[in-house]
There are 2 protein chains.
Amino acid sequence: MRSAPLNSVDLVLCTPHGRQLAVLLVRDASKRARERWSLPWAPLAAKQAPEHTASGVALKASGARASWLEQAGAFTDDKRHPGGAAISVAYVGVTPARARELPDGAEWFPVAKLPLLAPRHRAMIDAAVAQLRERMDRAPVAFRLLAPMFTLSDLQEVYELLLGRRLHKASFRRALQAAFLVAPTDEWRSEGRGRPAQLFRYAPRKRRGARGGVRFELLGG
Amino acid sequence: MRSAPLNSVDLVLCTPHGRQLAVLLVRDASKRARERWSLPWAPLAAKQAPEHTASGVALKASGARASWLEQAGAFTDDKRHPGGAAISVAYVGVTPARARELPDGAEWFPVAKLPLLAPRHRAMIDAAVAQLRERMDRAPVAFRLLAPMFTLSDLQEVYELLLGRRLHKASFRRALQAAFLVAPTDEWRSEGRGRPAQLFRYAPRKRRGARGGVRFELLGG
DNA sequence: ACAATTAGTAACCAATTGTTACCAATGTCA
DNA sequence: TGACATTGGTAACAATTGGTTACTAATTGT
């Protein structure tokens with residue numbers, strides 16, 4: 001019987017943490033001094049769809065279902081995996097910020113302040129965060145980072161966090177209005193100071209088929 | 001000695017073919033009646049970066065280097081691989097349309113008229129084409145589908161092919177001008193009828209840092 | 001009551017994009 | 001040779017979108 005699995009499914013689970021994006025890491029008891037943290041992972045089961053495995057890893061490591069999950073690629077190069085896997089299939093997931101406690105040994109780390117990790121896990125996190133940023137205008141990533149009910153300021157904060165730059169309130173809301181993505185609810189939330197904010201939910205409606213010309217967003221290279 | 005490799009690298013190589021995108025398939029001699037075509041692939045070598053393997057597959061199957069190559073994900077589900085691989089890492093590549101002959105047993109197929117393929121290969125092609133469309137505004141995919149020198153009408157045709165819709169000539173060129181992505185050359189090409197067109201080359205210059213607000217391009221779901 | 005703070009919107013102006021229309025250079029065909 | 005069909009290329013105007021300023025609203029703290 002082998003002790004090291006051949007292939008693995010590794011998960012980069014993200015959540016908003018203050019004004020930063022945070023990643024879930026688990027304490028890795030089997031490791032020596034240096035690398036005490038790692039991404040949650042599981043051996044790849046041949047008989048199970050890898051998304052299903054990733055989904056299970058998310059549940060076990062964070063205590064809740066991931067609200068969005070997508071493959072982020074295969075990592076097979078020389079960078080070694082903590083469990084000795086040959087091929088590691090990485091998944092990106094998101095989950096709303098919660099007050100609830102995490103399972104033992106798991107902790108959120110802001111992406112800017114990660115501890116020392118196995119090189120393969122570093123590469124996965126970089127790829128996962130990049131993929132989140134690219135996917136946000138195709139998939140409802142931003143909405144899945146929030147609870148089902150949210151204020152427009154919450155939503156704007158998530159967009160700013162993912163885009164890495166500030167947005168103008170009026171422009172943001174005008175664009176959101178035009179996109180028919182959210183619906184107001186009857187509820188309001190008071191954060192202490194300031195006027196209470198109305199709560200919205202994600203409720204995408206119609207859609208005028210992909211308008212606009214080309215955007216040459218390409219940098220050099 | 002095992003006859004079937006455990007893991008594979010599979011390549012979806014694309015090129016413009018008339019007004020359609022075409023994919024390179026190779027005749028699979030080892031197969032029985034039904035599935036006579038497959039994507040070019042190779043076993044995954046543990047000691048070699050998988051991109052390198054993919055690059056070699058492109059060279060062997062098409063007779064030329066791929067001008068752009070990127071991983072398109074890992075495919076591991078129940079859909080079986082022609083070579084019996086457990087995990088298949090798919091790569092998308094592009095190459096300019098050429099008059100030159102293909103190596104024996106290889107052929108371009110328009111994506112709309114594919115022959116019967118292994119389910120895993122169908123899934124890879126779908127993912128690869130989708131990825132091409134998504135990447136084109138981040139990576140110079142469109143330019144790599146063209147020869148080093150091209151007319152602006154050629155370029156527009158590639159954009160239309162990838163976007164799946166017609167673009168306005170004047171708007172397209174104005175946007176292109178503003179993006180500083182191409183430089184004119186001294187050469188001109190005459191296609192027979194009509195005024196000769198000036199040839200351009202891809203020469204990305206400066207870049208004003210990511211302007212603009214948010215675009216909620218999100219559909220339903 | 002009033003300052004401070006956060007939510008939300010109107011309205012103006014600048015920039016971008018869609019469109020129409022035109023001129024230029026070539027091959028075709030009477 | 002001289003329309004004219006065909007493709008390349010651009011100017012200029014109209015419509016739309018996006019950035020910004022500035023305002024009003026509703027709440028807490030002093």
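Below, read A as the first sequence line, B as the second, and so on, with proteins coming before strands; counting in each chain starts at 1. Side chains included, hydrogens not; waters and symmetry mates left out as well; all remaining heavy atoms used. This one's a predicted model, so the numbers in the text were calculated from it and none came from an experiment.
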Participant: So, OP1 or OP2 of D/dG19: does either fall under 4.0 Å of a side-chain N or O from A/His168?
Facilitator: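 Result: no.
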Participant: Nearest to the side chain of A/Arg215, heavy atoms from C-beta on, is which of D/dG8, D/dT27, C/dT17?
Facilitator: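 Among D/dG8, D/dT27, C/dT17, the one nearest the side chain of A/Arg215 is C/dT17.
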Participant: Toward the 5' end of DNA chain D, which comes first, A/Ala175 or A/Gly192, by nearest nucleotide?
Facilitator: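 Checking each residue's closest nucleotide, the 5'-ward one belongs to A/Ala175.
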Participant: Report the distance from atom CD of B/Glu191 to atom P of D/dG9, rounded to the nearest whole Å.
Facilitator: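 Interatomic distance, CD of B/Glu191 to P of D/dG9: 11 Å.
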Participant: Rounded off to whole Å, could you give me the CD-to-P distance for the B/Glu187 and D/dG8 pair?
Facilitator: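 Distance check: B/Glu187 CD to D/dG8 P gives 17 Å.
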Participant: How about B/Gln20: does its CD atom have over 12 heavy atoms from other parts shown lying under 6.0 Å from it?
Facilitator: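 Above 12, so yes.
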Participant: How long is the line joining CZ of B/Phe172 and P of C/dT16, in whole Å?
Facilitator: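 From B/Phe172 CZ to C/dT16 P: 18 Å.
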Participant: Under 4.0 Å: is that the gap between some side-chain N or O of A/Arg174 and OP1 or OP2 of D/dT17?
Facilitator: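 So the side chain of A/Arg174 is outside the cut-off, no N or O lying under 4.0 Å from OP1 or OP2 of D/dT17.
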Participant: Expressed as a whole number of angstroms, how long is the span from A/Arg173:CZ to C/dA11:P?
Facilitator: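 One finds 18 Å between P of C/dA11 and CZ of A/Arg173, rounded.
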Participant: Quick one: on DNA chain D, does B/Lys169 or A/Pro196 contact a more 5' nucleotide (nearest heavy atom)?
Facilitator: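 Between the two, 5'-proximity favours B/Lys169.
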Participant: With a non-hydrogen cut-off below 4.0 angstrom, is B/Gln198 in contact with a base, only sugar-phosphate, or nothing?
Facilitator: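 Sugar-phosphate contact only.
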Participant: Does any non-hydrogen side-chain atom of A/Trp41 lie less than 4.5 Å from one of A/Leu11?
Facilitator: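 A/Leu11 does not reach A/Trp41 side chain to side chain.
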Participant: In whole angstrom, give the distance that lies between atom CZ of A/Arg189 and atom P of D/dT27.
Facilitator: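 Atom CZ in A/Arg189 sits about 15 Å away from atom P in D/dT27.
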Participant: More than 12 foreign heavy atoms under 6.0 Å from CZ of B/Arg189: is that the case here?
Facilitator: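 Atom CZ in B/Arg189 is crowded, with more than 12 foreign heavy atoms closer than 6.0 Å.
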Participant: Measuring from the side chain of B/Arg193 (C-beta onward, heavy atoms only), which nucleotide among D/dT6, C/dT19, D/dG8 has the closest atom?
Facilitator: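 Of D/dT6, C/dT19, D/dG8, D/dT6 is nearest to the side chain of B/Arg193.
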Participant: Using whole Å, report how far CZ of A/Arg166 lies from P of D/dG19.
Facilitator: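 Distance check: A/Arg166 CZ to D/dG19 P gives 14 Å.
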Participant: With respect to the side chain of B/Ser190, which nucleotide from D/dG18, D/dG9, C/dT26 is positioned closest?
Facilitator: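 The nucleotide sitting nearest to the side chain is C/dT26.
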Participant: Looking at A/Glu157 and A/Arg19, does any basic side-chain N land under 4.0 Å from a carboxylate oxygen?
Facilitator: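 Yes, this pair counts.
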Participant: So which nucleotide from C/dA7, D/dA26, D/dG9 ends up closest to the side chain of A/Ser153?
Facilitator: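 Comparing C/dA7, D/dA26, D/dG9 against the side chain of A/Ser153, the answer is C/dA7.
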Participant: Identify which nucleotide among D/dA26, D/dG9, C/dT9 has an atom closest to any side-chain atom of A/Arg195, counting heavy atoms from C-beta outward.
Facilitator: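 Nearest listed nucleotide: D/dA26.
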Participant: Within this structure, what is the CG-to-P distance between B/Asp154 and D/dT7, rounded to whole angstrom?
Facilitator: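 Taking CG of B/Asp154 and P of D/dT7, I get 13 Å after rounding.
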Participant: Check this for me: does any side-chain nitrogen of one of B/Glu217 and A/Arg138 sit under 4.0 Å from a carboxylate oxygen of the other?
Facilitator: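 No salt bridge links B/Glu217 with A/Arg138.
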Participant: Let's see if you can work this out: which of D/dG19, D/dG9, C/dG8 has an atom nearest to the side-chain heavy atoms of A/Ser171?
Facilitator: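 Given the options D/dG19, D/dG9, C/dG8, the side chain of A/Ser171 is closest to D/dG19.
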Participant: Measure from CD on B/Glu157 to C1' on D/dG8 and round the result to the nearest Å.
Facilitator: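 Those two atoms, CD and C1', are 14 Å apart.
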